[in-house]
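Start at 1 and go down the list; that is how both ligands and their atoms are numbered.
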Amino acid sequence: MTWTRWTAGLTAATSLAIALVAFSCTTAQAPPRRTEAEKLARGRTLSWTSGCNDCHTPGTFYGAPDTTRLLSGSELGWQGPWGVTYARNLTPDPETGIGSWSEDDIVRAFRTGRRPDQTPLLPPMPWPSYAQMSDDDAYALAAFIKSVPPLKHKNLDRVPPGATASGAILAFPLPPAWDAQNLPPPPAAASKP
Ligand code: HEC
């Protein structure tokens, strides 16, 4: 083989190798973007697998989620040292739901436990679990939440610790010492007999 043919062959082989590496890098770094329909489908799946419907869709905890009132809030109260909370109406109704929130507001709320006005999301809203969600999944879920039919449902207001709630509540006793190690001290009113 002549020197020129040898270098030409080597150059061609090197270019092919570089092209292959470049191709595999491109495919590894940039997964194909989801279409809008795929994004909403992913968000819908996550709303079920992440348990949002358990608490935010009426009937789910009684074995019969009402999918005609998806994510419109539940009037089953959760009582604990934090008072009584109700899973809010997440539909895009502007007055009783979260229609005025942007996708960023929604993602920030379920990943950091803060509403746009900075008030904290109290238990049992399990935002520390959702803090683990990737950007792609979190924004797919937020887009899905914004796409459900708006439903007018003014849920019950949160009840502060020590005050009495009317209606159905699920009451947590004060936590056993093992579970309480990382908790703030219970508010004085809640620790009365
Ligand atoms: C175990 C029950 C439970 C689960 C599961 C749950 N939530 Fe919640 N969520 C709540 C409760 C209770 C509140 C009200 C907390 C409060 O009053 O501070 C709440 C509040 C919220 C709020 C604030 C709404 C507002 O108007 O202030 C958002 C947003 C939210 N949840 C999104 C989600 C999403 C998204 C999921 C699923 C990924 C989810 N939640 C799963 C119980 C739950």
Side-chain angles (χ1 to χ4, degrees), residues 39-67 69-172 175 179 183-184 186-187 190:
K39 186 174 171 183
L40 291 179
R42 175 72 182 151
R44 182 185 173 284
T45 301
L46 286 165
S47 73
W48 287 101
T49 56
S50 307
C52 316
N53 289 300
D54 286 358
C55 296
H56 289 274
T57 293
T60 313
F61 272 123
Y62 296 90
D66 184 347
T67 52
R69 294 183 292 151
L70 211 59
L71 297 175
S72 61
S74 162
E75 295 189 3
L76 175 64
W78 298 81
Q79 185 180 60
W82 58 86
V84 182
T85 49
Y86 298 90
R88 317 296 325 161
N89 178 355
L90 302 183
T91 74
D93 182 67
E95 284 154 36
T96 63
I98 55 172
S100 64
W101 293 24
S102 66
E103 286 186 12
D104 282 334
D105 291 338
I106 298 176
V107 168
R108 213 170 298 123
F110 70 68
R111 285 206 304 202
T112 69
R114 293 273 160 183
R115 297 187 178 83
D117 66 5
Q118 294 309 306
T119 53
L121 297 188
L122 297 177
M125 169 62 195
W127 65 264
S129 306
Y130 309 139
Q132 306 294 323
M133 220 183 259
S134 70
D135 282 356
D136 259 14
D137 278 350
Y139 280 91
L141 178 55
F144 173 72
I145 289 173
K146 285 201 85 65
S147 80
V148 303
L151 207 138
K152 206 165 272 309
H153 171 229
K154 166 89 184 75
N155 205 346
L156 300 158
D157 288 329
R158 189 172 74 78
V159 178
T164 325
S166 56
I169 53 165
L170 204 63
F172 282 82
D179 293 49
L183 298 183

Q: Does a donor on one side chain sit under 3.5 Å from an acceptor on the other, for Arg115 and Thr119?
A: yes

Q: Is it true that the side chains of Ser134 and Asp136 contain a donor and an acceptor less than 3.5 Å apart?
A: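 On atom types as modelled, these side chains do not qualify, holding no pair under 3.5 Å.
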
Q: Where does ligand 1 get N/O contacts under 3.5 Å from the protein, atom by atom?
A:
residue  : atom   : partner : partner atom : Å
ligand 1 : 7 (N)  : His56   : NE2          : 2.8
ligand 1 : 9 (N)  : His56   : NE2          : 2.9
ligand 1 : 18 (O) : Arg115  : NH2          : 3.2
ligand 1 : 18 (O) : Leu122  : N            : 2.9
ligand 1 : 27 (O) : Arg115  : NE           : 2.4
ligand 1 : 27 (O) : Arg115  : NH2          : 3.3
ligand 1 : 31 (N) : His56   : NE2          : 3.0
ligand 1 : 40 (N) : His56   : NE2          : 2.9

Q: Could you go through Arg88 and Met125, starting from their C-alpha distance and side-chain angles, then the distance that decides it, and tell me whether this counts as side chain to side chain contact (heavy atoms under 4.5 Å, CB included)?
A: CA-CA 10 Å; Arg88 317 296 325 161; Met125 169 62 195; over 6 Å; no

Q: Table please: side-chain donor-acceptor pairs of residues 138-146 below 3.5 Å, with sequence neighbours left out.
A:
residue : atom : partner : partner atom : Å
Tyr139  : OH   : Asp104  : OD1          : 2.5
Lys146  : NZ   : Trp101  : O            : 2.5

Q: Are side-chain heavy atoms of Phe110 and Cys52 found at a separation under 4.5 Å?
A: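 The answer is no; the side chains never approach within 4.5 Å.
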
Q: Count the heavy atoms of every other residue, nucleotide or ligand shown that sit under 6.0 Å from CZ of Arg111, and state whether that count exceeds 12.
A: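 Atom CZ in Arg111 is crowded, with more than 12 foreign heavy atoms closer than 6.0 Å.
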
